[in-house]
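Written out below as structure tokens is the structure these notes cover.
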Amino acid sequence: MTQEIEIRESVPGDLDLIEKLYPDAFPEEDLLPLVRDLLREQATALSLVAFAGTALAGHVIFTRCDIAGGNEKVALLGPLAVAPSRQRQGIGSAIVRAGMQMLENEGVSHVYVLGDPAYYGRLGFTPEASVAPPYPLPEEWREAWQSKCLHGTMPPVGDTLRVPDPWLQPALWAPEGEQDPD
Ligand SMILES: CC(C)(COP(=O)(O)OP(=O)(O)OC[C@H]1O[C@@H](n2cnc3c(N)ncnc32)[C@H](O)[C@@H]1OP(=O)(O)O)[C@@H](O)C(=O)NCCC(=O)NCCS
């Protein structure tokens with residue numbers, strides 16, 4: 001039986017469930033400090049939850065940001081987590097699509113993501129070469145830096161994605177063990 005999934009913006013009362021979801025979805029990576037910091041930035045975070053009844057099945061954060069040298073409204077996607085027992089049921093795709101629709105409605109033109117092209121390519125993301133991430137990426141991650149245009153056809157003006165403080169950590173932009181100690 002396929003259970004109906006409700007997707008909505010998260011509320012503070014969802015935090016306990018969100019805090020349980022991430023260690024389950026990412027057993028080898030502690031993303032909770034980032035998630036907590038992003039959720040505190042209420043003006044920039046679009047946080048969506050997917051519920052199957054009372055069970056939290058998925059969560060995603062989009063961070064509203066801009067591009068240095070331009071005035072376009074854009075967003076950065078991540079983290080995204082789906083409960084292991086609910087994976088491969090379309091929940092990750094549905095929650096990302098729902099977020100992109102909300103962002104498009106508020107005038108966001110492009111969404112950026114650092115993630116697996118095999119997954120995000122299915123959602124319409126393509127490798128991004130003109131707008132750089134906040135930190136240079138190692139060669140093996142170049143293909144992982146992707147974008148999707150929500151409306152308009154012009155590439156955004158500017159050269160580097162400008163993100164709020166929680167994303168200004170080099171460790172988030174490099175494979176483990178490859179961060180510059182400075
Ligand atoms: C990655 C993740 C968010 C996908 O969510 P989901 O709800 O399982 O994905 P969907 O059901 O929307 O899409 C499933 C399809 O995406 C693909 N897919 C799923 N996880 C993938 C991954 N990590 N890499 C590449 N492709 C993946 C599969 O091919 C699958 O298609 P198939 O069932 O036809 O083979 C989820 O599996 C997850 O939370 N994984 C652990 C945390 C993680 O790696 N998050 C980072 C996202 S890059």
Side-chain angles (χ1 to χ4, degrees), residues 5 7-52 55-65 74-100 102-103 108 111-123 125 128 132-138 140-148 161-181:
I5 301 291
I7 295 176
R8 59 162 171 79
E9 286 196 51
S10 68
V11 294
D14 297 324
L15 191 59
D16 285 354
L17 291 174
I18 292 172
E19 297 221 351
K20 289 196 186 81
L21 173 69
Y22 276 86
D24 285 349
F26 293 88
E28 289 169 10
E29 205 179 345
D30 184 9
L31 288 173
L32 280 179
L34 173 66
V35 169
R36 290 188 194 111
D37 288 349
L38 290 172
L39 291 178
R40 255 180 239 121
E41 307 258 334
Q42 288 181 6
T44 57
L46 173 63
S47 164
L48 298 184
V49 283
F51 272 91
L56 180 62
H59 177 243
V60 67
I61 301 178
F62 292 86
T63 303
R64 299 174 179 95
C65 37
V74 299
L76 176 64
L77 194 179
L80 165 66
V82 174
S85 64
R86 309 269 178 180
Q87 290 176 5
R88 306 189 99 128
Q89 297 168 28
I91 294 171
S93 305
I95 198 169
V96 168
R97 285 202 181 95
M100 291 195 298
M102 290 179 188
L103 291 167
V108 169
V111 176
Y112 297 84
V113 71
L114 181 64
D116 189 340
Y119 185 67
Y120 289 103
R122 298 163 63 116
L123 289 161
F125 285 81
E128 170 63 43
Y135 299 93
L137 294 174
E140 68 265 32
W141 276 19
R142 291 280 160 79
E143 289 287 300
W145 179 237
Q146 300 154 80
S147 68
K148 181 176 164 76
L161 192 69
R162 197 159 51 185
V163 292
D165 281 354
W167 282 110
L168 290 176
Q169 303 176 55
L172 296 172
W173 301 89
E176 222 176 315
E178 284 190 27
Q179 297 111 30
D180 187 328

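- Minimum heavy-atom separation, Arg142 to Leu137: NH2-O, 3.1 Å.
- Without hydrogens or angle criteria, Trp173 side chain to Trp167 main chain gives a donor-acceptor distance under 3.5 Å.
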Side chain to side chain contact (heavy atoms under 4.5 Å, CB included) assessment of Thr63 paired with Leu38: CA-CA 8 Å; Thr63 303; Leu38 290 172; 3.6 Å; yes
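- Between atom CZ of residue Arg8 and atom CG of residue Asp14 there is a gap of 4.0 Å, rounded to the nearest 0.5 Å.
- The distance from atom CD1 of Ile61 to atom OG1 of Thr44, rounded to the nearest 0.5 Å, is 9.5 Å.
- Ser93 pairs in a side-chain contact (heavy atoms from CB on, under 4.5 Å) with only one of the listed residues (Leu80, Leu123, Val82), which is Leu123.
- In this structure Trp145 satisfies the side-chain hydrogen bond (donor to acceptor under 3.5 Å, both in side chains) test with no other residue, sequence neighbours excluded.
- Taken to the nearest 0.5 Å, the CD atom of Gln87 stands 10.0 Å off from the CG atom of Asp24.
- The salt bridge (Lys or Arg N to Asp or Glu O under 4.0 Å) check on Arg162 picks up Asp66, with sequence neighbours excluded.
- Between Ala52 and Arg86, the shortest heavy-atom distance links the atoms CB-NH1, 3.3 Å.
- Each of Leu17, Leu56, Ile95 was compared with Val49 under the side-chain contact (heavy atoms from CB on, under 4.5 Å) criterion, and only Leu56 meets it.
- Rounding to the nearest 0.5 Å places CG of Leu103 at 12.0 Å from NZ of Lys148.
- Taken to the nearest 0.5 Å, the CD1 atom of Ile5 stands 10.5 Å off from the CZ atom of Phe51.
- A donor-acceptor pair is defined here as one N or O able to donate and one able to accept, closer than 3.5 Å; such a pair exists between the side chain of Gln146 and the backbone of Ala144.
- A search for salt bridge (Lys or Arg N to Asp or Glu O under 4.0 Å) contacts involving Glu19 returns Arg36, not counting sequence neighbours.
- Minimum interatomic distance between Gln169 and Tyr135 (heavy atoms only, all atoms of both residues): N-OH, 3.6 Å.
- Closest non-hydrogen pair, Pro166 versus Leu172, comes out as O-CD1, 3.5 Å.
- Here the closest heavy-atom approach between residue Leu21 and residue Ala81 is recorded as CD2-O, 3.8 Å.
- Note that OH of Tyr22 and CG of Leu31 are 7.5 Å apart. Values are rounded to the nearest 0.5 Å.
- Between the side chain of Tyr120 and the backbone N or O of Leu114 there is no donor-acceptor pair closer than 3.5 Å.
- Taking every heavy atom of both residues into account, Leu46 and Gly99 meet most closely at CD2-O, 3.8 Å.
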Phe62 and Val108: CA distance, side-chain angles, deciding distance, side chain to side chain contact (heavy atoms under 4.5 Å, CB included) verdict: CA-CA 11 Å; Phe62 292 86; Val108 169; over 6 Å; no
